[in-house]
Each structure stands twice: as C-alpha cells, then as structure tokens.
Amino acid sequence: MIPSDHVEPRPSLPAHFYNRDAALVARELLGAELRFSSAHGVISGVIVETEAYLGPHDPACHATAGRTARTWHLFGPPGTAYVYFVYGMHWCVNAVTREDGFGSAVLIRAVQPLRGIETMRERRPKARRDADLCNGPAKLCAAYGISRAQDGVSLVNSALRIVERESVPDEHVIVGPRVGISKAVDWPLRFRAVEIGAVP
DNA sequence: ACGCGGATGGCCT
DNA sequence: GGCCATCCGCGTA
C-alpha cells in the first residue's frame, strides 16, 4: 500500500519551458501539476485553468505599471513565481514567462486537488465540496497556503514548483476571454481543460 | 439558478 | 481618491 504522504518524483518544467509567449505557456501548463511542500506536507493538484498576461503592451497586465515594489518579480527570469495581493484580502500566483526583465506571466486560475486535501479543507472551511477548494485563483492560494513568502521563488527549484504530469489535447481545451479585468476584455487568453467525468 | 454588493487594504495617480 | 487578474452571502426566482 502506498503511504498517504508518498508523492511520485516527477521532473519540474524547466526554465526554458517558460521562456516563450505567455499564451503558449498558459496553454501548455494545462495538465501540469502544481506542488507545494511545506511543514504541513505536500499539497498538489493538476492545473486546469490559466490566463496569459502578455507584458507591458497588454493593458490588463500588471507590467503596465512598470517595475514597482509590487510587480518586482513579474519582471524576473522565466519560471519565477509572481504572487500578488488583491482586493485587500486575496493572493494570486503567476508563472513568469519570457526573458528576464520582460514582464509577462501566466495566472494559475484553477487546480484539481490531488494531495493534501485534508489540509486544504482546514484552510478553506467554506468550501462545501472538494471541487470548490481550488476553483479560483485566490481559492487555490488559500488552500495551498501561498502568500507573500512565495513571491519571487523559483517554480523550477523551490518548495513551490510545477512538475510534468500529462498533456491535455486540443479538443479538451476551451479558449475564451479573461475574467475580472476591464481592459482588453475580448482578448482570448483564458485556457480551461474540460474535466472529463466531472460530477455536476 | 443567478445577480448584486460588501469586505478590505495596498498601490498608483 | 479610486481602482482592483476575488470571494461569498444574500436577495429574488
């Protein structure tokens, strides 16, 4: 029997995976696994929804504000975690894309929980079903325990990382407009993997 | 089922 | 001062 804390070793997505257009990285992150190892054990889940933020020329991207204290790590090297605080109470996590200093990223919007579900439930007591634990960018950060301490860490090397798992075929991917923004609202930069066999 | 608004604080103008 | 890459609860059906 496999112990409950056993986690299969899987290679991290390498830095060069992230050194491409954010839209391409967002599409290909679907099916990868977001893992966080902490004192509370390993938390993990499969990435099922992402959004691309293309850089300083994208009106909805935080890079338009320039390199400020808040956006500092958005301009970091590819494969960096950019974690920001929003609406006075929520954290969201991005994977930085393209070359060091460019300022584009992929927002991780939803994850299908795999491990550490008990810990997730403790952190998100309001989630009535397991499906509600990580189905939003701030929800998944709360469930994982991601906050400012993870801003700027490497998603290739650190306790918070993204590892290979599976690829999602095109016929299982829905592309649409980004959520919760007021500029460039019609740019098709949101990617969702349809959940096969999901119970409504 | 769906729409609306309050919570809540840091950051840019 | 106003604007958020959000979430949740409450109201009306």
Side-chain angles (χ1 to χ4, degrees), chain A residues 18 21-30 32 34 43 45 47-76 78-98 102-113 119-153 155 160 162 173-193 198-200:
Chain A
Y18 298 97
D21 269 2
L24 188 56
V25 175
R27 162 66 182 85
E28 295 193 9
L29 276 177
L30 297 177
L34 180 67
I43 308 281
I47 296 170
V48 293
E49 185 177 339
T50 58
E51 276 175 1
Y53 288 86
L54 303 182
H57 59 291
D58 175 358
C61 184
H62 290 174
T64 56
R67 193 166 193 172
T68 67
R70 182 203 201 199
T71 65
W72 191 261
H73 294 294
L74 171 59
F75 293 88
T80 299
Y82 165 50
V83 180
Y84 68 90
F85 185 66
V86 74
Y87 294 118
M89 60 192 104
H90 298 305
W91 297 94
C92 295
V93 61
N94 295 255
V96 172
T97 61
R98 295 202 50 169
F102 185 80
S104 65
V106 174
L107 173 68
I108 312 297
R109 284 198 60 90
V111 153
Q112 206 171 40
T119 303
M120 291 181 181
R121 288 201 193 101
E122 290 169 14
R123 288 171 172 164
R124 287 194 28 79
K126 289 174 182 172
R128 308 201 73 248
R129 314 169 305 159
D130 285 357
D132 298 325
L133 288 169
C134 295
N135 61 343
K139 294 180 189 179
L140 75 89
C141 283
Y144 274 67
I146 294 171
S147 64
R148 176 160 307 253
Q150 282 65 241
D151 189 25
V153 303
L155 293 169
L160 179 66
I162 301 177
V173 176
I174 297 175
V175 184
R178 295 175 290 186
V179 177
I181 55 172
S182 57
K183 299 165 186 169
V185 292
D186 54 338
W187 295 17
L189 293 174
R190 178 183 182 216
F191 301 86
R192 280 191 302 148
V199 182

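Just so we're on the same page: letters track the sequence lines, and every chain starts at 1.
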Determine whether A:Phe191 and A:Ile47 make a side-chain contact, defined as any pair of heavy atoms from C-beta on separated by less than 4.5 Å.
no
Interatomic distance, A:Leu54 CG vs C:dA5 C1' [rounded to whole Å]:
13 Å
Counting C-beta onward and ignoring hydrogens, is there a side-chain heavy-atom pair between A:Trp187 and A:Ile181 closer than 4.5 Å?
no
Side-chain contact, heavy-atom cut-off 4.5 Å: A:Leu29 with A:Leu34?
no
Less than 4.0 angstrom between a side-chain N/O of A:Lys139 and OP1 or OP2 of C:dC8, yes or no?
yes
When you list every nucleotide of DNA chain B with an atom under 4.0 Å from a heavy atom of chain A, which one comes first 5' to 3', and which comes last?
B:dA7 to B:dC12
Send over the distance from A:Arg70 CZ to C:dC3 P, rounded to a whole Å.
15 Å
Between CG of A:Asn135 and C1' of C:dT6 the distance, given in whole Å, is 12 Å
Phosphate-side-chain proximity, A:Arg109 and C:dT6, N/O vs OP1/OP2 below 4.0 Å
yes
Base-pairing assignment for C:dA5 (Watson-Crick or G-U wobble, both under 3.5 Å):
none
Could you tell me which residues satisfy side chain to side chain donor-acceptor pair (under 3.5 Å) with A:Arg67, sequence neighbours excluded, listed by chain and number?
none
Would you kindly compare A:Ala69 and A:Phe85 by the position of their nearest DNA chain B nucleotide and give the one closer to the 5′ end?
A:Phe85
In whole Å, what is the span from the NE2 atom of A:His90 to the P atom of C:dC4?
16 Å
Any base atoms under 4.0 Å from A:Ala138, or only sugar-phosphate, or nothing? Heavy atoms, all strands.
sugar-phosphate
Expressed in angstrom and rounded to an integer, what is the separation of A:Met89 atom CE from C:dC4 atom C1'?
11 Å
Whether A:Asp132 and A:Lys126 form a salt bridge (side-chain N of Lys/Arg under 4.0 Å from carboxylate O of Asp/Glu) is what I want to check.
no
Starting the side chain at C-beta, find the nucleotide from C:dA5, C:dC4, C:dT6 nearest to A:Asn94.
C:dA5
Check: A:Arg148 and A:Trp91 side chains under 4.5 Å, non-hydrogen atoms
yes
Under the criterion salt bridge (charged side-chain N to carboxylate O under 4.0 Å, His left out), I'd like the reasoning laid out for A:Arg178 against A:Glu51: C-alpha separation, chi angles, the key distance, then a yes or no.
CA-CA 6 Å; A:Arg178 295 175 290 186; A:Glu51 276 175 1; 5.7 Å; no
Report yes if at least one side-chain N or O of A:His62 is closer than 4.0 Å to OP1 or OP2 of C:dA5; otherwise report no.
yes
Could you give the CD-to-C1' distance, from A:Glu49 to C:dA5, as a whole number of Å?
12 Å
C:dC7 phosphate, OP1 or OP2, under 4.0 Å from A:Arg124 side-chain N/O
no
I'd like to check A:Asp151 versus A:Tyr82 (side-chain heavy atoms, cut-off strictly below 4.5 Å). Are they in contact?
yes
Please classify the nucleic acid contact of A:Leu107 as base, sugar-phosphate, or nothing, using heavy-atom distances under 4.0 Å.
base
Distance in angstrom units between A:Arg123 CZ and C:dC8 P, rounded
16 Å
B:dT8 pairs with, by Watson-Crick or G-U criteria that keep both distances under 3.5 Å
none
Distance test, side-chain N/O of A:Ser182 to OP1/OP2 of C:dC3, below 4.0 Å
no
How close or far is atom P of C:dA5 from atom OH of A:Tyr84, stated in whole angstroms?
6 Å
